[in-house]
Amino acid sequence: IANGHATESSLGYYMMPLVSVLLALVILKESLTPATSLAVLVAAVGVGVLVWQTGHLPLIALLLAFSFGFYGLLKKGTRLSSDVAMLFEAGVILPFVLVYLLFFSHESLTDYSLAENILLALSGIITTIPLLLYAESLKLAPLNLVGFIQYLNPTIQLLIALMVFGEKLSLGQIYGLIFIWIAIGLFVIGQIVLLKRQKS
């Protein structure tokens, strides 16, 4: 996003749930309900339309989708508690961050006001809580279910872009998003029907 690839990053988040479902089917051998299968097919058409609109192979979007998809798969397979696993992840990247901050960064924490540094520290907490909840959800639910629910993320981002930042959508993007929103509706209806069947 900082380098002018907001559209491709958004597309990556729309592709990621499909990658999660694919990994759940192929590697974890999870099964899909008929409603979820139909929802995945309709979402794939929507993502296809969005890819077509970019006019080229969206490498950044594919990298985001597959990297976070495999991250979810690894989280699903880990036996560590979510907080310990996240501490381990932070420990792995800490040396790289320190090297960057000490030797390559053109700015330091002293270049910012106290308020900005406090907001920076709070951003860590704001990032950590959803990641912990995501890791816990993977332990309690199938990967394909958690993956599909992640369509909420880019949809909320899109609504903020449209309503807060006043960004515009092309007609082709609207068509792609309509398919994805129909898929989300099918998925939700399928889950409601499944819950009713389990209760009766």
Side-chain angles (χ1 to χ4, degrees), residues 1 6-55 58 60-73 75-76 129-200:
I1 291 173
T7 303
E8 282 200 56
S9 65
S10 167
L11 178 57
Y13 284 112
Y14 272 113
M15 294 170 77
M16 196 234 330
L18 293 177
V19 172
S20 291
V21 171
L22 179 67
L23 293 172
L25 290 172
V26 174
I27 297 175
L28 300 179
K29 308 299 183 195
E30 293 179 0
S31 59
L32 300 180
T33 64
T36 302
S37 298
L38 179 60
V40 168
L41 183 64
V42 173
V45 171
V47 169
V49 171
L50 291 175
V51 169
W52 182 264
Q53 289 301 305
T54 64
I60 292 171
L62 288 168
L63 181 65
L64 275 172
F66 277 92
S67 62
F68 204 77
F70 276 102
Y71 175 76
L73 180 66
K75 282 288 201 185
K76 180 78 177 165
I129 292 170
L131 283 173
L132 283 171
L133 293 173
Y134 173 69
E136 283 301 310
S137 69
L138 285 169
K139 294 179 179 180
L140 301 172
L143 180 60
N144 70 77
L145 176 65
V146 175
F148 210 88
I149 290 171
Q150 287 174 325
Y151 273 120
L152 287 173
N153 177 21
T155 301
I156 291 169
Q157 286 179 344
L158 177 66
L159 290 173
I160 290 171
L162 295 174
M163 295 179 179
V164 178
F165 299 120
E167 293 185 14
K168 305 292 181 195
L169 289 174
S170 70
L171 191 59
Q173 288 172 317
I174 291 171
Y175 290 147
L177 291 170
I178 286 171
F179 276 105
I180 290 170
W181 292 330
I182 290 171
I184 293 169
L186 289 169
F187 176 76
V188 170
I189 291 167
Q191 290 301 309
I192 291 169
V193 170
L194 187 62
L195 286 171
K196 285 184 177 178
R197 282 182 185 166
Q198 288 172 347
K199 286 181 180 178
S200 60

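Throughout, residue positions are numbered sequentially from 1 according to the sequence presented.
- Looking at Y151 and L18, their side chains come closer than 4.5 Å, going by heavy atoms from C-beta outward.
- Considering only residues two or more places apart in sequence or on other chains, I129 meets the side chain to side chain contact (heavy atoms under 4.5 Å, CB included) condition with I125, L133.
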Next item on the list: Take L64 and M16, measure what side chain to side chain contact (heavy atoms under 4.5 Å, CB included) needs, and give me the verdict at the end.
Entry: CA-CA 7 Å; L64 275 172; M16 196 234 330; over 6 Å; no
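- Legend: residues meeting ring-ring contact (aromatic ring centres under 6.0 Å, His included) with Y175, ordered by chain and number and at least two apart, are absent.
- Residues that satisfy the side chain to side chain contact (heavy atoms under 4.5 Å, CB included) test with I189, not counting sequence neighbours, are V193.
- Atom CD1 of I27 is separated from atom CG of L73 by 5.0 Å, given to the nearest 0.5 angstrom.
- Among pairs with a residue in residues 180-200, those fulfilling ring pair (Phe, Tyr, Trp, His ring centres under 6.0 Å) read F148-F187, at least two apart in sequence or across chains.
- For F179, the CZ atom counts as loosely surrounded, since its 6.0 Å shell holds 12 or fewer non-hydrogen atoms of other residues, nucleotides or ligands.
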In residues 38-48, what donor-acceptor pairs under 3.5 Å come from side-chain atoms, sequence neighbours left out?
none

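- When every heavy atom of G172 is checked against every heavy atom of Q53, the shortest pair comes out as CA-CD, 3.4 Å.
- Within 6.0 Å of CZ in F66 there are 12 or fewer heavy atoms belonging to other residues, nucleotides or ligands.
- Of the inter-residue distances, the one linking L131 atom CG with E136 atom CD reads 12.0 Å to the nearest 0.5 angstrom.
- Summarising the geometry, atom OG1 belonging to T155 is positioned 4.0 Å from atom CD1 belonging to I184; distances are rounded to the nearest 0.5 Å.
- A search for side chain to side chain contact (heavy atoms under 4.5 Å, CB included) contacts involving K76 returns L28, E30, L138, not counting sequence neighbours.
- Closest of all the heavy-atom pairs between A141 and L145 is CB-CD2, 3.9 Å.
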Next item on the list: Check step by step if side chain to side chain contact (heavy atoms under 4.5 Å, CB included) holds for L50 and M15.
Entry: CA-CA 10 Å; L50 291 175; M15 294 170 77; over 6 Å; no
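- The minimum heavy-atom distance linking V19 with G69 is given by the pair CG1-CA, 4.1 Å.
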